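Each remark here refers to the structure printed beneath this line.
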Amino acid sequence: MQNPNISLFQSKSSMTVKIAVLVSGRGSNLQAIIDSIEKGYIKNAAVSVVISNKADAYALERAEKHGISAVFLDPEGRDRAGYDREILKILKQYDTDLLLLAGYFRLLGSEIIEAYRHRILNIHPSLLPAFKGLHAQKQAFEYGVKVAGCTVHFVDEGLDSGPIIIQKCVPVLPEDTEETLTARILEQEHIIYPEAVRLFVESKLKVEGRNVITLK
Ligand SMILES: Nc1nc2c(c(=O)[nH]1)N[C@@H](CN(C=O)c1ccc(C(=O)N[C@@H](CCC(=O)O)C(=O)O)cc1)CN2
Ligand SMILES: NCC(=O)N[C@@H]1O[C@H](COP(=O)([O-])[O-])[C@@H](O)[C@H]1O
C-alpha cells in the first residue's frame, strides 16, 4: 500500500502530458503556458482543452487561436457538485493528466480533488498563506506590505491551502498603486507558472505531506 502522504507524478518517457485548463477571464497565465509549450520550454506536454464558466472569457479566444478546444460550461441550473461532475466528464474525455487553474473563480469540490489529487495546480497572486481568496493583490496593497508576490500550489479541498510548489517575491515600491503592483506580480506569475508546469511534466515534484520537494 503506497503511503498516501507521498506522491510523485511519473510520466512515461515518450508520453505527452495532456493538460486541461480551467479559466474564468482574461487568460494571460493560460497564454504563458501555451507560449512556453510552443517555444519548447515545457516539453512533452500539450494543452488539450480549456474550460470556462464564463461564456465571454477572453481565455477561450486565446485557446481557439492556438487550435485548442475551448469549452464554455454553463453553471446555470447546476449545483456545485453537478457542475464539477460535468468538468470531470470533459477531463476524462480528453484523457487529462494535469489540471491547471488559471484565473478560475470557482471553488473545486472534493470529487475533482480526489480524482486528481496532486495533479491540480493553481496560480495565486500573493505569498500564501497570506491574502487568500479573491483580490489578493488589493488585500496586500491595502495592508501596506513591503514585499508582495505570487504562489503556485497544488489544489486541495481548502481555499488556497494546498502544498506550495513555487513562490516569488515582488517588492512594493513607494510610488506603487494597486494597479502597478498587480502588473508587477503578474509578470512574475507568467514566469513561475510555466516553471512549475515544467517541473511537474518532468516528474520533479515530490509531495511529502505539506512539503513539495523539487528533485534534481
Ligand atoms: N478547492 C479549491 N478550489 C479552488 C482553489 C483552491 O485552492 N481550492 N483555488 C481557487 C482560485 N481562487 C483563488 O486563488 C478562488 C476562486 C474562487 C473564489 C470564490 O470565492 N469563488 C466564489 C464565486 C466568486 C464569483 O463567482 O465571483 C464561489 O465559488 O462561490 C475564491 C478564490 C480556484 N478554486
Ligand atoms: N484567487 C485566484 C486569483 O486571484 N487568480 C489571479 O487571477 C488573475 C488571472 O489573470 P489571467 O486570467 O490573465 O491569468 C491572475 O493574477 C491570478 O493570479
Side-chain angles (χ1 to χ4, degrees), residues 19-36 47 50-63 65 70 72-76 78-85 87-88 91 99-141 148-170 178-197 207 210 212:
I19 300 172
V21 188
L22 293 177
V23 296
S24 297
R26 174 186 53 189
S28 72
N29 274 285
L30 166 68
Q31 190 68 57
I33 300 294
I34 292 171
D35 293 349
S36 295
V47 177
V50 174
I51 307 164
S52 182
N53 60 314
K54 301 284 185 186
D56 60 351
Y58 185 62
L60 292 174
E61 287 185 45
R62 293 181 191 265
K65 284 176 183 171
F72 163 55
L73 188 59
D74 192 347
E76 275 301 301
R78 293 186 174 106
D79 63 13
R80 196 179 292 279
Y83 192 75
D84 281 2
R85 273 194 292 277
I87 292 175
L88 271 175
L91 298 182
L99 177 60
L100 303 181
L101 311 187
Y104 181 65
F105 291 98
R106 284 179 63 92
L107 298 179
L108 290 185
S110 55
E111 210 170 324
I112 290 187
I113 305 290
E114 282 159 19
Y116 286 88
R117 181 77 60 189
H118 297 146
R119 294 195 289 153
I120 309 173
L121 276 53
N122 182 48
I123 179 76
H124 184 76
S126 77
L127 294 174
L128 291 173
F131 310 123
K132 294 181 175 181
L134 298 172
H135 315 301
Q137 308 94 325
K138 178 183 177 70
Q139 292 181 60
F141 182 77
C150 47
T151 301
V152 182
H153 63 96
F154 284 108
V155 172
D156 64 12
E157 288 82 353
L159 173 60
D160 303 329
S161 56
I164 291 171
I165 300 168
I166 296 178
Q167 293 189 295
K168 185 81 175 188
C169 293
V170 173
E178 183 192 326
E179 290 69 26
T180 58
L181 176 59
T182 296
R184 191 177 310 113
I185 294 169
L186 192 62
E187 285 174 7
Q188 296 309 314
E189 293 179 45
H190 295 163
I191 293 169
I192 67 169
Y193 213 179
E195 183 182 350
V197 172
V207 186
R210 277 210 60 82
V212 180

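No experiment lies behind these values; they were computed from the predicted model shown. The first residue in the sequence is number 1, and the count goes up from there. Indexing begins at 1, ligand by ligand and atom by atom, following the structure's order.
Gly162 and Arg210 get closest at one heavy-atom pair: O-NH2, 3.2 Å. Leu159 and Gly133 make their closest contact through CD2-CA, 3.9 Å (heavy atoms, listed as atom of the first residue, atom of the second, distance). Between Ala59 and Leu30 the shortest heavy-atom distance is O-CD2, 3.5 Å. Of all heavy-atom pairs between Ala55 and Leu60, the closest is O-CD1, 3.8 Å. Of all the heavy atoms in Ile87 and Tyr104, the pair that sits closest is CD1-OH, 3.6 Å. Considering every non-hydrogen atom in both Val207 and Pro163, the closest pair reads CG1-CG, 4.2 Å.
Under a 4.0 Å criterion applied to the non-hydrogen atoms of His153, ligand 1 contributes the atoms 7 (O). Residue-ligand proximity, Leu186 to ligand 2, at heavy-atom distances under 4.0 Å covers atoms 16 (O). The ligand atoms of ligand 1 that sit less than 4.0 angstrom from a heavy atom of His124 are 13 (C), 14 (O). Interface atoms of ligand 1 facing Asn122, defined by a heavy-atom separation under 4.0 Å, are 9 (N), 11 (C), 14 (O). Of all the atoms in ligand 2, the ones that sit under 4.0 Å from a non-hydrogen atom of Gly133 are 1 (N). Close approach to Tyr104 involves these atoms of ligand 1, each under 4.0 Å from a residue heavy atom: 11 (C), 16 (C), 33 (C). Near Gly158, the atoms of ligand 1 lying under 4.0 angstrom from a non-hydrogen atom of the residue are 1 (N), 2 (C), 6 (C), 7 (O), 8 (N). Using a 4.0 Å cut-off to heavy atoms of Asp156, the atoms of ligand 1 that qualify are 1 (N), 2 (C), 8 (N).
Counting heavy atoms from C-beta on, the side chains of Leu73 and Asn53 never come closer than 4.5 Å. Between Asn29 and Leu100 there is no side-chain heavy-atom pair separated by less than 4.5 Å. Between Val50 and Leu22 there is no side-chain heavy-atom pair separated by less than 4.5 Å. Counting heavy atoms from C-beta on, the side chains of Leu186 and Pro125 never come closer than 4.5 Å.
The shortest contact between atom 9 (C) of ligand 2 and any protein heavy atom is with Gly103 CA, 3.7 Å. Nearest to atom 11 (P) of ligand 2 among the protein's heavy atoms is Ser28 N, 3.4 Å. For atom 34 (N) of ligand 1, the closest non-hydrogen atom on the protein side is Arg106 O, 2.7 Å. Nearest protein neighbour of atom 4 (O) of ligand 2, counting heavy atoms only, is Pro125 CD, 3.5 Å. Remark: minimum distance from atom 7 (O) of ligand 2 to any protein heavy atom is reached at Phe105 CZ, 3.5 Å. Nearest protein neighbour of atom 12 (O) of ligand 2, counting heavy atoms only, is Gly27 N, 2.8 Å. Given atom 3 (N) of ligand 1, the protein heavy atom at minimum distance is Leu108 N, 2.9 Å.
With a 4.0 Å cut-off on non-hydrogen atoms, Leu101 touches ligand 1 through its side chain and not its backbone. The proximity of Asp160 to ligand 1, defined as any non-hydrogen pair under 4.0 Å, involves the side chain as well as the backbone. Neither the backbone nor the side chain of Ile185 comes within 4.0 Å of ligand 2, counting heavy atoms alone. Residue-level proximity to ligand 1 for Val155 is carried by the side chain, the only part with a heavy atom below 4.0 angstrom.
Arg80 counts as a contact of ligand 1, since one of its heavy atoms falls under 4.0 Å from the ligand. Residue contacts with ligand 1 do not include Asn53, since none of its heavy atoms lies under 4.0 Å from the ligand. The shortest separation from a heavy atom of Ala136 to ligand 1 is not under 4.0 Å, leaving the residue out of contact.
Of the listed options Leu134, Ile123, Ile120, Leu134 places a heavy atom closest to atom 20 (O) of ligand 1. Evaluated by nearest non-hydrogen atom to atom 25 (C) of ligand 1, the leading choice among Phe131, Phe154, Phe105 is Phe105. The closest non-hydrogen atom to atom 17 (C) of ligand 2, taken over Glu189, Gln137, Arg26, comes from Glu189.
Annotation: Ser161 places no N or O atom under 3.5 Å from an N or O atom of ligand 1; distance criterion only. An N or O contact shorter than 3.5 Å is missing between Leu30 and ligand 2 by distance. Any N or O atom pair closer than 3.5 Å counts here, and Leu159 shares no such pair with ligand 1. For ligand 1, the polar-atom distance check finds no N/O of Ile113 at less than 3.5 Å from any of the ligand's N/O atoms. For the pair Asp160 and ligand 2, the shortest N or O to N or O distance does not fall below 3.5 Å.
Screening residues 120-129 for side-chain hydrogen bond (donor to acceptor under 3.5 Å, both in side chains) gives Asn122-His153, His124-Ser126 as the qualifying pairs, with residues at least two apart or on separate chains.
Under a 3.5 Å cut-off, the side chain of Arg62 and the backbone N or O of Arg26 do form a donor-acceptor pair. At least one donor-acceptor pair under 3.5 Å links the side chain of Tyr193 to the backbone N or O of Leu121. In this structure, the side chain of Thr151 does not engage the main chain of Gln167 through any donor-acceptor pair within 3.5 Å. With Gln139 contributing its side chain and Lys132 its backbone, the two residues share a donor-acceptor pair below 3.5 Å.
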Trace of the side chain to side chain contact (heavy atoms under 4.5 Å, CB included) decision for Ile164 with Phe154: CA-CA 6 Å; Ile164 291 171; Phe154 284 108; over 6 Å; no
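Atom 14 (O) of ligand 1 is approached by the protein to below 4.0 angstrom, counting heavy atoms only.
Residues satisfying the side chain to side chain contact (heavy atoms under 4.5 Å, CB included) criterion with Glu111, sequence neighbours excluded, are Arg85, Leu88.
A salt bridge links Arg117 with Glu157; the closest basic N to acidic carboxylate O contact falls under 4.0 Å.
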